[in-house]
Amino acid sequence: MIQPLVQRLFVTLAIAALATSARSDDPTDFSSLADRYTIYDGQKSGLRHWGRAIRPELVGEVPSDLALYGVSLIQVLSMLADEEVEMVGEADTWFAAKSAIDRQSNFVIAFEELQLGQVEPTFRFKATDLAVDANDASSEVIGILDSGLLPVGPGCFGQWFEHKENVVSAVALVVDLGAEKLARRACLEFGVISALGVFPESTPYGSAGIGRSLAPEPFYDTSEVFFLTQLSAYCRNALMDSSVDCARKMIDRVYGGRTGSSSN
């Protein structure tokens with residue numbers, strides 16, 4: 001499902017477009033699982049989560065395959081993150097083309113034929129660039145669009161509205177239908193996964209001496225994305241601790257337990 005090599009490009013570009021990364025050394029070194037939690041502002045040290053129900057809406061010329069994929073990602077990851085999801089509108093309109101953003105939506109995914117190609121990290125995609133009408137959107141979504149969406153990958157623009165301690169209240173994501181198929185899927189993956197608190201990174205493992213392939217690609221453990229999402233919810237809700245330090249200690253406990261070196 002998750003495309004590790006493409007997602008590495010998205011993560012690198014997204015960090016390059018952000019002025020305030022919490023990481024002081026190499027901001028794209030994710031060898032430590034705890035460093036994959038999406039914290040951009042060093043003053044916001046909590047695990048990213050939503051302060052209310054996630055209300056997704058798909059707008060523009062909505063492709064059915066991408067729509068189903070994006071909503072499925074939101075549903076699965078929200079369940080792991082212990083976040084409530086309420087789709088905007090009636091079921092028969094969820095995947096239909098829409099020309100305006102509903103006021104009830106706080107997770108907007110817009111599909112547009114842009115053909116912008118590669119843009120500079122300083123480029124910002126704004127409300128005036130959208131083909132859909134954002135006049136009736138919530139004030140937080142309008143605020144995101146007015147400030148401009150960041151380029152987070154080829155044909156992909158996104159931004160979050162956060163309060164203190166990494167509490168998210170709105171997300172806007174634009175997918176360029178003129179981009180390559182893999183890039184469109186990767187845009188949805190990056191936007192959804194990072195909005196729920198985790199960079200979509202995966203640890204690669206070599207397979208030399210195993211199997212018959214002469215030049216195999218590494219094995220990427222994409223399950224780590226789901227593990228980190230679930231662990232964030234466990235720290236916040238079961239342990240009553242929203243700090244990244246809680247997640248870091250639990251990661252040590254879980255992985256140490258697998259090797260028999262952790263005390264329970």
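Residues: numbered from 1 along the sequence shown. If you're wondering where the values come from, they're calculated on a predicted model, not measured in any experiment.
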Just wondering, do [Y] and [X] contact through their side chains at under 4.5 Å, heavy atoms?
| X | Y | value |
| --- | --- | --- |
| Ile193 | Phe199 | no |
| Val174 | Asp129 | no |
| Pro63 | Phe111 | yes |
| Leu73 | Val76 | no |
| Tyr220 | Thr203 | no |
| Phe95 | Leu58 | yes |
| Leu150 | Phe125 | no |
| Glu140 | Ile144 | no |

From [X] [atom1] over to [Y] [atom2], what is the distance, rounded to the nearest 0.5 angstrom?
| X | Y | atom1 | atom2 | value |
| --- | --- | --- | --- | --- |
| Leu231 | Tyr37 | CG | OH | 4.0 Å |
| Gln230 | Leu77 | CD | CG | 11.0 Å |
| Glu180 | Cys187 | CD | SG | 14.0 Å |
| Phe190 | Cys156 | CZ | SG | 7.5 Å |

Report whether [X] and [Y] are members of the same hydrophobic cluster (ILVMFWY, side-chain heavy atoms less than 4.5 Å apart, transitive linking).
| X | Y | result |
| --- | --- | --- |
| Ile54 | Phe226 | yes |
| Val85 | Met79 | no |
| Val108 | Val88 | no |
| Leu47 | Val254 | yes |

Cation-aromatic face contact Arg55/Phe107, 6.0 Å, 45 degrees: no
In sequence, state the C-alpha distance, the side-chain angles, and the governing distance for Met87 and Glu57, and then conclude on side chain to side chain contact (heavy atoms under 4.5 Å, CB included). CA-CA 7 Å; Met87 293 292 295; Glu57 183 182 31; over 6 Å; no
Would a line drawn from the ring center of Phe157 to the ring center of Phe123 be shorter than 6.0 Å? yes
Would the Tyr234 and Phe227 ring centres measure less than 6.0 Å apart? no
Taking the basic N atoms (NZ, or NE/NH1/NH2) and the acidic carboxylate oxygens, is any pair closer than 4.0 Å for Lys249 and Asp245? yes
Closer than 4.0 angstrom, basic N to acidic O: yes or no for Arg52 and Glu84? no
Worked check of side chain to side chain contact (heavy atoms under 4.5 Å, CB included) between Val71 and Ile109: CA-CA 10 Å; Val71 170; Ile109 302 177; over 6 Å; no
Is the number of heavy atoms from other residues, nucleotides or ligands under 6.0 Å of Glu61 CD greater than 12? no
List the atom of Cys235, the atom of Ala247, and the distance in Å for their closest heavy-atom pair. SG-N, 3.4 Å
Given side chain to side chain contact (heavy atoms under 4.5 Å, CB included), test Arg185 with Leu66 step by step and report yes or no. CA-CA 7 Å; Arg185 287 173 63 92; Leu66 289 177; 3.9 Å; yes
For the residue pair Ser169 and Glu162, confirm or rule out a side-chain donor-acceptor distance under 3.5 Å. no
Using a distance-only test with no angle check, is there a side-chain donor-acceptor pair under 3.5 angstrom linking Arg48 and Ser242? no
For Thr229, does its backbone N or O pair with a side-chain atom of Ser232 as donor and acceptor, under 3.5 Å? no
So if I apply the side-chain contact (heavy atoms from CB on, under 4.5 Å) rule between Glu112 and each of Val59, Asp176, Val132, which one comes out positive? Val132
For Asp35 and Arg248, run side chain to side chain contact (heavy atoms under 4.5 Å, CB included): C-alpha distance rounded to whole Å, both residues' side-chain angles, the deciding distance at 0.1 Å, then the answer. CA-CA 9 Å; Asp35 286 340; Arg248 194 181 305 276; 3.8 Å; yes
